**Student:** 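One structure, as structure tokens, below. Some questions next.
No hydrogens, no waters, no symmetry mates; every other heavy atom, side chains included, goes into these values. Because the structure is predicted, anything quoted here is derived from the model rather than measured.
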Amino acid sequence: GTNRGVDVGDEPGLTGKISTSGDAVENVPEWTHHTVFCAGGEMIGHHLMHCWVYKTSKHEHGTETVYDGIRDSCNVTMYGFAKLMGAPALLEYARKFGVGSPVDLPHLQTQPGYLTSTNPAEWSTEYLAKFSFGQGMFLSMFQVARVASVLANAVFLLNPLQVKDSLNSSGKMVQRC
């Protein structure tokens, strides 16, 4: 049968914004003071990219830092930072966060998900925008958890562990998992 945690992929949305924001922290000078204005949408190429807040309530986020962009899950903010960093850096950071590589789990065969193999120099402005907020890539649920854990683990990519038993501080088993 299908194991939805490791076999089924989806576009991660907010999870993609995590790697974009990590890229911004390391590569945008004065990133804590840099802001992007979200008017609810932005023309990108021949397409009007809407932020979710405009689609759902006809509002805008206004002036956003990278912190605000994560808190508000703002597509326009992520694209604003992506333009500063460029496609090669975005792709590199997605890889650093484990996008496109399988999760190493004992006794489970996992899929690598999907990460574009297109040369970032060939990305359109539309693709740069959608990649910056998590579209154009596919991740399993374990991969989504691994991306989020990179931030919790001081920007180290770790594989999830399977827990067999829970032990107390004396080493006595308190629960078999």
**Student:** Just to verify, what does K130 make a side chain to side chain donor-acceptor pair (under 3.5 Å) with, not counting sequence neighbours?
**Tutor:**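 With neighbours one apart ignored, the set is empty.
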**Student:** I'd like a table of donor-acceptor pairs (distance under 3.5 Å, sequence neighbours excluded) in which one partner is a side-chain atom from residues 76-91, with atom names and distances.
**Tutor:**
| from | atom 1 | to | atom 2 | distance (Å) |
| --- | --- | --- | --- | --- |
| K83 | NZ | E42 | OE2 | 3.2 |

**Student:** Check whether Q143 reaches the backbone of S101 with its side chain - one donor and one acceptor, N or O, closer than 3.5 Å.
**Tutor:**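 At least one qualifying donor-acceptor pair exists.
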**Student:** Taking atom OH of Y93 and atom NZ of K96, what is their separation to the nearest 0.5 Å?
**Tutor:**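 Between Y93 OH and K96 NZ, I get 3.5 Å after rounding to 0.5 Å.
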**Student:** Side-chain contact, heavy-atom cut-off 4.5 Å: F133 with T20?
**Tutor:**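 No, side chains not in contact.
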**Student:** Could you work out, with salt bridge (charged side-chain N to carboxylate O under 4.0 Å, His left out) as the rule, every residue matching E126, not counting sequence neighbours?
**Tutor:**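 Salt bridge (charged side-chain N to carboxylate O under 4.0 Å, His left out) list for E126, sorted by chain: empty.
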**Student:** To the closest 0.5 Å, what do you measure between CD (E92) and OG (S19)?
**Tutor:**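 The distance works out to 11.0 Å.
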**Student:** Would you name the heavy atoms of A121 and N119 that are closest together and state the gap between them?
**Tutor:**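 Heavy atoms only, the tightest pair is N-OD1, 2.9 Å.
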**Student:** Quick check for you: to the nearest 0.5 Å, what is the distance between L167 atom CG and K172 atom NZ?
**Tutor:**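 These two atoms lie 11.5 Å from each other.
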**Student:** Kindly work out whether a path of hydrophobic side-chain contacts (I/L/V/M/F/W/Y, heavy atoms less than 4.5 Å apart) joins F138 to F142.
**Tutor:**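 No, because F138 and F142 fall into different hydrophobic clusters, even though each may have its own neighbours under 4.5 Å.
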**Student:** Going from SG on C74 to CD on E60, what distance comes out if it is rounded to the nearest 0.5 angstrom?
**Tutor:**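 Spacing of SG (C74) from CD (E60) equals 10.0 Å.
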**Student:** Mind checking salt bridge (charged side-chain N to carboxylate O under 4.0 Å, His left out) for R95 and listing every partner two or more places apart, or none if nothing turns up?
**Tutor:**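 Testing R95 for salt bridge (charged side-chain N to carboxylate O under 4.0 Å, His left out), a comparison that skips the adjacent residues, returns none.
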**Student:** Around atom CZ of F37, are there more than 12 heavy atoms from other residues, nucleotides or ligands closer than 6.0 Å?
**Tutor:**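 It does: F37 CZ has more than 12 such atoms within range.
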**Student:** Which residues, ordered by chain and number, are linked to W52 in its hydrophobic cluster, where ILVMFWY side chains connect at heavy-atom gaps below 4.5 Å, directly or through other members?
**Tutor:**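 Hydrophobic cluster check, W52: joined to V53.
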**Student:** Can you find a pair of side-chain heavy atoms, one from N75 and one from K17, that are under 4.5 Å apart?
**Tutor:**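 Yes, side chains in contact.
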**Student:** Supply the atom-to-atom distance M49 CE to S132 OG, rounded to the nearest 0.5 angstrom.
**Tutor:**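 Answer for the CE-OG pair, M49 versus S132, is 7.0 Å.
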**Student:** Which residues satisfy the side chain to side chain donor-acceptor pair (under 3.5 Å) test with T125, sequence neighbours excluded?
**Tutor:**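 Listed in chain order: nothing, the list is empty.
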**Student:** Do the non-hydrogen side-chain atoms of Y127 and T116 ever get within less than 4.5 Å of each other?
**Tutor:**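 Yes, their side chains come closer than 4.5 Å.
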**Student:** Say whether, by atom type as modelled, one donor and one acceptor occur between the side chain of T65 and the main chain of Y67 under 3.5 angstrom.
**Tutor:**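 Looks like yes, one N/O pair under 3.5 Å.
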**Student:** Counting only heavy atoms from other residues, nucleotides and ligands, does the tally under 6.0 Å from NE2 of H59 exceed 12?
**Tutor:**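 Counting neighbours around NE2 of H59, 12 or fewer heavy atoms of other residues, nucleotides or ligands fall under 6.0 Å, so no.
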**Student:** Indicate yes or no for a side-chain donor-acceptor contact from E11 to the backbone of G134 under 3.5 Å, with no hydrogens or angles considered.
**Tutor:**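 A pair under 3.5 Å: no.
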**Student:** Tell me the closest heavy-atom pair linking G41 and L48, and the distance in Å.
**Tutor:**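 It is C-CD1, 4.3 Å.
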**Student:** Quick check against the 3.5 Å criterion: does S21 have a side-chain atom that pairs as donor or acceptor with the backbone of I18?
**Tutor:**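 Present.
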**Student:** Do L115 and F131 pass the side-chain contact (heavy atoms from CB on, under 4.5 Å) test, and can you show the C-alpha distance, the side-chain angles, and the key distance before you say yes or no?
**Tutor:** CA-CA 10 Å; L115 183 63; F131 193 87; 3.6 Å; yes
